[in-house]
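If you're wondering where the values come from, they're calculated on a predicted model, not measured in any experiment. Protein chains get the first letters and strands the later ones, always in sequence-line order, with residue 1 at the start of each.
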2 protein chains.
Amino acid sequence: MPASDVVEQPEQPWSRRRLRSTNERLLLDRLRALGAASRAQLARETGLSKPTVSSALASLAAAGLVHEVGTQAPERGRTAVLYAPDPAAGYALGVDIGRGWLRVAVVDLDGTVVARADIRNRARASAALTDLVVSTARQVIANSGVDPARVVHGVVGTPGVYDEKQRRVRYAMHLPGWGRAGLVDGMRTELGVPLEVHNDANLAALGEYTYGVGAGSRLFAYILIGTGLGMGVVSEGRLFTGARGLAGEIGFLPWHGRQKQERLEDAVSGVAVVESAREFGMRGQLTAKAVFDAARQGHPGAVRAVELEGERIAHTVAAAAAVLDPDLVVLGGGVGHSVDLLLRPVRERLRALTPLRPRIAPSRLGEDAVLLGAVATALDTARDLVFERRTAGT
Amino acid sequence: MPASDVVEQPEQPWSRRRLRSTNERLLLDRLRALGAASRAQLARETGLSKPTVSSALASLAAAGLVHEVGTQAPERGRTAVLYAPDPAAGYALGVDIGRGWLRVAVVDLDGTVVARADIRNRARASAALTDLVVSTARQVIANSGVDPARVVHGVVGTPGVYDEKQRRVRYAMHLPGWGRAGLVDGMRTELGVPLEVHNDANLAALGEYTYGVGAGSRLFAYILIGTGLGMGVVSEGRLFTGARGLAGEIGFLPWHGRQKQERLEDAVSGVAVVESAREFGMRGQLTAKAVFDAARQGHPGAVRAVELEGERIAHTVAAAAAVLDPDLVVLGGGVGHSVDLLLRPVRERLRALTPLRPRIAPSRLGEDAVLLGAVATALDTARDLVFERRTAGT
DNA sequence: GGCTCTAGTAAGGCTCCTTAACTTTATCCG
DNA sequence: CGGATAAAGTTAAGGAGCCTTACTAGAGCC
C-alpha cells in the first residue's frame, strides 16, 4: 500500500549504526506517546542509561526532531529540563475527495491542523477534478505558511480502490472519469508531494479510530452509509484491507430484495430511504435528510421508512459481526448522521438476528472522518520519513 | 492469546546484548527459511560481516540450536561447511479434541512429526476427556522417545473459544461439560507442558495455510462444515481472531430459513443435508456421507439436496467474501470432504450472487487440518522459547 | 607448481552502551 | 543560614560487539 515514492529501506543489517538509530526512535516514540519528559525520566522508563539518553536526545535535537519545552521541579532536587517532539519538524497532507465536497488539510507532526479548506466539488470530469485538488492543496499549503518542501507525505481518500499496478482507481462508481490511469501520478508530480490513495470508508474508519470513538478498540468497524455503502475495518490499530483492498465492500453482501438483482447497497444507501418513504405514502421532492426530518416530526410514512432502514442496517451489522467479531461498530456517512433515530431500531432488530451484539455508536467525527483518517495515515508515514531523513540534508 | 506460562520479555532496552541476540535470531530464521547454508553465504545474504556470522553461529551451535550438516563445494575454491537448525533443539505438542476423535502429535522444530496418535473420543464427561487427553499425550511423548522436558510448548484445538480470564472454554456446544473452568489448567499441570487453547476452525485454517493449499495467500479463509459451521481466517500469515476470539463464527450469519429462529449453522451443517434429502424423498437411516454417496450414484433426491447445500455454502462464501476479500476460500470438514460434488454448484451460485469471486478449493489436509494447525501454532511459540532459553541452563 | 577463487580466521579499531563517580541545583530542617 | 538529602544531568573509564583489513586454508585449473 505504500506509494511508490516511499522508499523501503533495503533491510539494513543490524550493525551498531542501527542500534543507535533504534534507540533514538524508541525515545522519540516514547515522547510522542506520553508527551514531554525529562532525560532522567526517559532513562527510567526505557531502561537506557542516562548518558545514552542524553546523547541520543542531543542528536535528535540537532536534527530538529525534539526540543526543550520547559522545566519541571521534582519534589526535591534539581529542576528537570523537559523535552518534547517538535511538531514543526514536518507536515502531512490529507485530502478527501467526495462526490459533493473536496476537503484538504495540512497538519503538523502532532496532528494539529494548521490549515484546511472545504470546497464544493462541482467538477464533472476527471481533469477538472485533479486540477481542483491540486490548486486547493497548493492554496491550503500556502495559507498554512509552511514551506512546501516540509510537507513530506500526503494521503488521498476517494471512493473505490486504488490499483497500484494499473495506477488507477477502480470501482469508483460515483465519480465520472475517475478510473483513468495516471491521474494520481499527475497530482503527485504537480504537487511535488508523495501521495498515497486509499478507500474512503477505510480512511473514515481509521480517522474515527484515531481521533473519534474508536480509540482503544481491538477490532473496530466503521460503516459508511450515504450515496453508497461501505465499511472500513481497523484491527489492532492497523487497517484491514483484505487480499486486494476490497475488504469491507459490504454493498455486495447477499441480500434478498424485491427485484432479483437488487444489491444490499441499493437497499441500505440514502436512495433506498427515499424509495421506501415514497412507498409508505410520502410525496414531493424527497431526500434522505428530508425523510429523517419528517420522521422526527412524527410523519407515519417517514417513521416506517426509518424503521425499515434500521432493520436493514441491523442485517448488515449482523453479517459483519459474525465474520469479524468487532467490539465496536460505528455508523457514519450521510445516513449515519441520523443515528439518533436509527440506533433503537438497529439494536432491536439485532437482538432478534444474532447473539453477537457489538457495541454500536454514532460517528463522532461526522463529515470529517475521511479527511482525518487521511491525515492520520499520512502522519504515520510522515513521521517515519522525517525520522529517516534526520541525518541527510536539512 | 499466549498462555500465562509464556513469559513476556519485559521490553529489554536496546543494549548491545540485544543487538547480539537479534543478529543470532536473524541468522537462525534465515537458516530455517532457506535451509542449510555456509557462513560466507549467510554473511552475503544478511549483510553481516563474515566474522560476526562466524561468532554468532558458534554461539548458536554451543546452545545446540544449529549444527554442521555437511559440506558443499563451490564452483571453485575451498569447500564450505554447511550449517542448519538442529530440529532436536526442542519439541512441540499438538492436540485436536474433536467430537469423534482425539488426535495428538509431537513434532520437532522442523515441524516433522515424530510421534502421533489418533484415538476415538468416547468420553462423555469432561473429567474423562481431560484424563484421556493427558494419558494420550504422555503416551505419544513416550513413544517419540523424546525427553518430556524438551517438549516446550503445546497447543490444543477444540470447538468453542477459550476465555483467558475465566479460564474456561466457551461456546463449545458439542462437548458435554467442556465449559467448566480450570480444565485446561488441570491438563497443563498434569502434563507439565505450557498449553494454549484455540478454536478448531481457526487452527484448521492455520494448518491449511502452513502445510496445505493456503500457502502464500494474503487473506485466506477456511470454512469448516461438519457437525457445526465455522470459519478460520489467516491474514498475512497471522490468525485473525477479532476482538474476543469470535471472528469467523459464521453460524450466526443472518439467514432467512423456514422457521423464524433457524440459524445458518443449522442450514449448512451436516444435519441440514440429511434433512433436505429426506424432504426430497430419501428414506432410511441417513447420514451426510450417505446422501453424498447417493448423489454420486445419481439418486435424484440426493442430487437436489447436494445442490441446495451448494447454494447455501455459496451464500456463506459470498458473505465472507464481501467482508474480508479473501483470495482463497477452502472448504473443509466432514461435508467439505465431498467437495467434488459441491464445487460446481457453489461456484455457479456464487456467480449469481456477487461479483467478488475468490478462488475456491478443497482442503488438502482433510481431517488433519486442526491437528497440523495446532502443531504449527505450537511450533511458533516453541521456536521462540527455545531461542530465549539458549543462554540459560542446558 | 603456480594461479585464482572461495571459505574462514585473526587482529585492530571504531561505535556506542554501561557503570560509577561527580557536579549542579533544588528542598528540607535544625 | 548552612548543612543534609535528593534528584538531574555530566564526565570518565571500561567493555561488548561489530566492521575492516589482512591473512591462512583448501580446492580446481592450466
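Using a 4.0 Å heavy-atom criterion, one finds that A/Ala73 contacts no nucleic acid atom at all. Using a 4.0 Å heavy-atom distance criterion, B/Ser38 is classed as a sugar-phosphate-only contact. Across all strands, A/Glu75 comes closer than 4.0 Å only to sugar-phosphate atoms, never to a base (heavy-atom distances). Nucleic acid contact class of B/Ser49 (heavy atoms, under 4.0 Å, all strands): base.
Distance A/Gln41 CD to D/dA8 P: 8 Å, rounded to the nearest Å. One atom, CZ of A/Arg78, and another, P of D/dA8, lie 10 Å apart when rounded to the nearest Å. Atom CG in A/Leu19 sits roughly 12 Å away from atom P in D/dC19 (whole-Å rounding). For the pair B/Arg44 CZ and D/dC19 P, the interatomic distance rounds to 16 Å; values are reported in whole Å. Summarising the geometry, the separation between CZ on A/Arg39 and P on D/dT11 is reported as 11 Å, rounded to the nearest angstrom. Across the protein-nucleic acid pair, A/Gln72 atom CD and C/dT25 atom P stand 18 Å apart, rounded to whole Å.
Distances shorter than 4.0 Å separate some side-chain N or O of A/Arg20 from OP1 or OP2 on C/dC16. Proximity of A/Asn23 to the phosphate of C/dC16: no side-chain N or O atom is located under 4.0 Å from OP1 or OP2.
In this structure the side chain of B/Leu48 never reaches within 4.5 angstrom of the side chain of B/Leu42, judged on heavy atoms. Using a 4.5 Å cut-off on side-chain heavy atoms (C-beta onward), A/Phe240 and B/Ser235 make contact. Contact annotation: the side chain of A/Glu68 approaches that of A/Tyr83 to within less than 4.5 Å [non-hydrogen atoms, C-beta and beyond]. Using a 4.5 Å heavy-atom cutoff, the side chains of A/Val184 and A/Val156 are not in contact.
Contacts between residues 51-65 of chain A and DNA chain C, defined by a heavy-atom separation below 4.0 Å, involve A/Pro51, A/Thr52, listed by number.
Note on B/Arg25 versus B/Asp384: salt bridge recorded, some NZ/NE/NH1/NH2 to OD/OE distance being below 4.0 Å.
Remark: the A/Glu196 side chain and the A/Thr377 side chain contain no N/O donor-acceptor pair separated by less than 3.5 Å.
Listed here is the closest heavy atom pair of B/Ala374 and B/Val155: O-CB, 3.4 Å.
The side chain of A/Arg76 lies closest to C/dC28, out of C/dG8, C/dC28, D/dG9.
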